[in-house]
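Before any comments, here is the structure.
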Amino acid sequence: MFKRNLEIRKVKGIIPFWVIAERLDIHENTLHNWMKTEMSRERKKKVMAAIKEIREEMRKEGVQK
């Protein structure tokens with residue numbers, strides 16, 4: 001099976017896709033569709049920024065990765 005957007009998959013860890021989608025103000029299905037093909041650099045930057053924000057909030061709340 002081909003894995004696209006591996007960097008995002010690794011960085012997201014336990015963060016559910018729906019949480020990332022909510023942060024991006026998109027539907028969860030949209031994010032799943034984006035994950036099916038390699039994202040553009042700009043889109044990937046937006047997703048990675050959302051994950052970074054979520055991780056920071058998790059860290060502040062004492063939630064493990």
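Bear in mind that the values here come from a model prediction, so they are computed numbers and not experimental data.
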Could you tell me the separation between the [atom1] atom of [X] and the [atom2] atom of [Y], rounded to the nearest 0.5 Å?
X     : Y     : atom1 : atom2 : result
Ile15 : Ile51 : CD1   : CD1   : 6.0 Å
Ile26 : Phe17 : CD1   : CZ    : 10.5 Å
Arg23 : Trp18 : CZ    : CH2   : 10.5 Å
Lys52 : Ile54 : NZ    : CD1   : 13.0 Å

How about [X] and [Y]: do any of their side-chain heavy atoms sit closer than 4.5 Å?
X     : Y     : result
Glu38 : Lys44 : yes
Lys46 : Met39 : no
Lys12 : Met35 : no
Trp34 : Ile8  : no
Arg55 : Val11 : yes

Does the Arg9 side chain pair with the main chain of Arg4, one donor and one acceptor, at a distance under 3.5 Å?
yes
In terms of side-chain geometry, is the basic nitrogen of Arg59 or Glu56 positioned less than 4.0 Å from the acidic oxygen of its partner?
yes
Are Ile20 and Leu6 linked, directly or through intermediate hydrophobic residues, by side-chain heavy-atom contacts shorter than 4.5 Å (ILVMFWY only)?
no
